[in-house]
**Student:** 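One structure is given below, represented as structure tokens, and several questions about it will come after.
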Amino acid sequence: MAPRPESRGPLSQALLRWCRYAPETEAHSALAMLLERLEAGVAAQHSCLPLEQVPPPTGLAWAPLLEGSGLLGAQADPAPLVLWENALYLAKDARYEADLAHALRTRAAQPAPLAAAPAQLKAWLEVLFGAPAQAIDWQRLGAAMLLERSLLVLTGGPGTGKTSTVTRALTLLVAALQQEAGPVRIALAAPTGKAAARLAQAVAEAKASLGNTPLPPALEAGLAAIPDEAVTLHRLLGYQPYGNRFARGRAAPLAADVVLVDEASMVDLRLMAQLFDALAPETRVILLGDKDQLASVETGQVLGDLTAGVGQPILSSARCRALEALTGDDLHPYEQARVPPLADCLCHLQRSYRFDPSGAVARFAAAVNKGRRDDAWAALASGDDALQFSEVPEAALDEAREAYLTLWRREAAGAEDEALLTQLGAFTLLTPTRQGPLGVSGLNTQVAAGLRAAGAPVPPEGPFPGMPLMVLRNDPSLGVFNGDLGMVRAGEGGLVAVFPSAGAPPKRVPLDRLPAFEPAYACTIHKSQGSEFREVSVVLPSGLGEAGLQLLNRALLYTAVTRAQRRVRLFAEPAAVDRCLAQAPLRRSGLARRLWSTAP
């Protein structure tokens, strides 16, 4: 018998209205079950459901069942479902995926040479990155890769110099473009307001550092052309919430010669498809991010799919010869006769300037990425002070209480705003979940109670001077964004929130003008993406239930531990760590197959 209609999810109920089968047939029941599985996958941010993962009832086959249901269409048809390569999609996700794959492959295959003489470009490269060394400088090579393609995907872990590299690369590119066609329009963007603000700050710091180096006039002009402002992708593309649409697209492309997108791992399938739909053919685009971090909170894992085809750097013969002429490097070890065009647009930075590559934190992060359990536990047991482990998750509360007592005492002693914000960046407490005793809400409550017990005047409810806070909603008029971290101080007219401000004195905002916020003794690992702290405590709660256990994977643990600059403390039962190590992050998607159909 078919399931009762009210027992199905909303997607299944809507789609089954299209179905031509009588309610009591076995085929109809099977189709209802399949749609429930698709709905669950959509809720988990998968873009498709591979049919081999769902065995049909005996005597039935999915393809003919779907083809006769009236639910199936091609990507341009109005029918709600699409079947591609034995994977079932919602039609909109199939369209986004196919359009994005086509745009990426087309852009990757299309040369975009510069008119500047190779000798001039090579000389500028040496000014910005130094002369060629015996070992390949991948930062230098990444900048060169941008000079003859309209697409560059630059990835690397924390501390590998992605922003420094791309600032120098933009300086070089803009210097060459301005010689050809005059002023160059550059857009800096990121998926969230918080990430955009951090991008602007990081680029400003990189520009200031590079500005201390004597530069030829053309490079000085290229550096000066890089904007100081970064915006969200939604703002860049003119998102219109009432119609859930974007003003910028194929019919109204972006007025930009170069678009840089930071934190690309956080960009979902629809948003990335919309970005590439809005690019003029001649626009150059740079995607910057850490491919091993957590994927977007919406559908897809675009950066992961973009880098899925390559385990190590590979380049076509033609690309090797062109880059060797610019850099003087010997690229023969990375040369292959036949590679997909996208491989020629990828550069992965591997050297970290934040961690000692032989230290416990770097070894642990690498082991987590690869799921190497023995290596991960060896790093945790190494005795290295930079990586400490406790089997008692609740012990994380002691570390947090001491850190925030120090912050409160310095605030009460009248420390300057800048000094307090530096202290605030010295520590954070990370957890996978919002709810539960060891989720954000529970940890916030317990740390506040610990501060009261230690003598801090923490009220049962409401803010107080010395309280860290996190903004929960964007307010561009105030220059604050969802995820911004600040702290409460006493001001002349009442309480104020103090925030860091790139290249400027700290920003003060009256607390009664601030959009929604919450105490920030703890933060979810997802919200911490793009941030860094001197020391990080990570708590992995147990007893999460099956839904909560799905959160525990390698990308989550890697993202958490790589927020630290100097020291990581991991508080978890061994079974929770093992769960993370054993579970590779999974987003079912056909994008990698579409992009890498000629496998490297």
Side-chain angles (χ1 to χ4, degrees), residues 45 187-203 229-242 244 246 261-268 270-272 274-275 288-290 293-300 303 421 424-425 428-435 439-441 443-444 463 467-488 495-502 506-533 536 551 556 559-560 563:
Q45 315 309 334
L188 307 182
T192 67
K194 171 184 171 183
R198 288 208 179 103
L199 171 60
Q201 180 178 2
V203 169
E229 182 189 16
V231 298
T232 66
L233 279 168
H234 282 77
R235 181 176 168 191
L236 180 70
L237 296 170
Y239 180 63
Q240 299 168 348
Y242 295 107
N244 191 26
F246 294 89
V261 179
D262 195 16
E263 296 294 349
S265 65
M266 299 166 63
V267 183
D268 62 84
R270 181 198 181 194
L271 190 55
M272 192 71 85
Q274 186 66 40
L275 170 66
L288 203 64
D290 184 348
Q293 281 194 169
L294 287 162
S296 62
V297 296
E298 300 295 338
T299 300
L303 188 62
L421 292 173
L424 182 63
T428 194
L429 174 61
L430 299 178
T431 177
T433 63
R434 286 199 56 80
Q435 304 304 320
V440 168
S441 59
L443 288 170
N444 277 338
M467 185 189 86
L469 64 82
M470 179 171 285
V471 177
L472 301 178
R473 206 170 61 237
N474 295 339
D475 190 333
S477 68
L478 294 175
V480 295
F481 301 94
N482 183 7
D484 279 356
L485 186 64
M487 71 172 302
V488 180
L495 295 179
V496 297
V498 183
F499 299 95
S501 183
K507 178 191 315 175
R508 285 191 161 213
V509 179
L511 210 60
D512 56 8
R513 291 190 59 200
L514 204 64
F517 64 89
E518 67 180 0
Y521 303 113
C523 172
T524 63
I525 296 170
H526 280 81
K527 281 255 185 169
S528 76
Q529 288 194 90
S531 303
E532 57 182 52
F533 299 86
V536 169
L551 294 172
L556 179 107
T559 300
R563 299 309 91 207

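Numbers here simply count residues along the sequence, with the first being 1.
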**Student:** Does Ala195 offer a backbone N or O that forms a donor-acceptor pair with the side chain of Thr192 under 3.5 Å?
**Tutor:** yes
**Student:** Please check: side-chain N/O of Thr559 versus main-chain N/O of Leu294, any donor-acceptor pairing under 3.5 Å?
**Tutor:** yes
**Student:** Taking all atoms of both residues into account, what is the closest heavy-atom pair of Met470 and Cys523, and its distance?
**Tutor:** CE-SG, 3.6 Å
**Student:** For Val440, give me all partners under side-chain contact (heavy atoms from CB on, under 4.5 Å), at least two apart in sequence or on another chain.
**Tutor:** Thr431, Arg434, Asn444, Glu518, Thr524
**Student:** Do Gln45 and Ser296 have side-chain heavy atoms sitting under 4.5 Å apart?
**Tutor:** no
**Student:** Can you tell me how far the CG atom of Leu199 sits from the CG atom of Asp262, to the nearest 0.5 Å?
**Tutor:** 4.5 Å
**Student:** Which pair of heavy atoms, one from Leu421 and one from Pro500, lies closest together, and at what distance?
**Tutor:** CD1-N, 3.5 Å
**Student:** Are Val496 and Val509 close enough that some pair of their side-chain heavy atoms sits under 4.5 Å apart?
**Tutor:** no
**Student:** If you take all heavy atoms of Ala264 and Met272, which pair is closest and at what distance?
**Tutor:** O-CE, 4.3 Å
**Student:** Taking Leu485's backbone N and O only, do any of them form a donor-acceptor pair with Lys194's side chain (distance below 3.5 Å, no angle check)?
**Tutor:** no
**Student:** Check the pair Leu478, Arg513 against side chain to side chain contact (heavy atoms under 4.5 Å, CB included), reporting the backbone distance first and the verdict last.
**Tutor:** CA-CA 9 Å; Leu478 294 175; Arg513 291 190 59 200; 3.1 Å; yes
**Student:** Is there side-chain contact between Gln529 and Met266, with at least one heavy-atom pair below 4.5 Å?
**Tutor:** yes
**Student:** Might you work through the side chain to side chain contact (heavy atoms under 4.5 Å, CB included) test for Phe517 and Leu511, ending with a clear yes or no?
**Tutor:** CA-CA 10 Å; Phe517 64 89; Leu511 210 60; 4.0 Å; yes
**Student:** What distance do Leu430 atom CG and Ser531 atom OG have between them, rounded to the nearest 0.5 Å?
**Tutor:** 9.0 Å
**Student:** Check whether any side-chain N or O of Asn474 sits under 3.5 Å from a backbone N or O of Pro476 as a donor-acceptor pair, and report yes or no.
**Tutor:** no
**Student:** Measure the shortest side-chain to side-chain distance between Leu469 and Pro463 over non-hydrogen atoms and say whether it is less than 4.5 angstrom.
**Tutor:** no
**Student:** Looking only at heavy atoms, which two atoms of Ile525 and Pro432 are closest? And how far apart?
**Tutor:** CD1-N, 4.0 Å
**Student:** If you look at every heavy atom in Phe246 and Leu271, which pair is closest and at what distance?
**Tutor:** CZ-CD1, 3.8 Å
**Student:** Indicate yes or no: at least one non-hydrogen side-chain atom of Leu514 is less than 4.5 angstrom from one of Asp512.
**Tutor:** no
**Student:** Hey, could you give me the NZ/OG1 distance between Lys527 and Thr428, rounded to the nearest 0.5 Å?
**Tutor:** 12.5 Å
**Student:** If you look at every heavy atom in Ser265 and Leu303, which pair is closest and at what distance?
**Tutor:** N-CD2, 3.6 Å
**Student:** Taking C-beta and beyond as the side chain, do Glu263 and Gln293 meet within less than 4.5 Å on heavy atoms?
**Tutor:** yes
**Student:** Report yes if some heavy atom in the side chain of Leu424 is under 4.5 Å from a heavy atom in the side chain of Phe499; otherwise report no.
**Tutor:** no
**Student:** Do Asn482 and Arg473 touch side chain to side chain, with heavy atoms closer than 4.5 Å?
**Tutor:** no
**Student:** Run the numbers on Tyr239 and Thr232 for side chain to side chain contact (heavy atoms under 4.5 Å, CB included), then give the verdict.
**Tutor:** CA-CA 10 Å; Tyr239 180 63; Thr232 66; over 6 Å; no
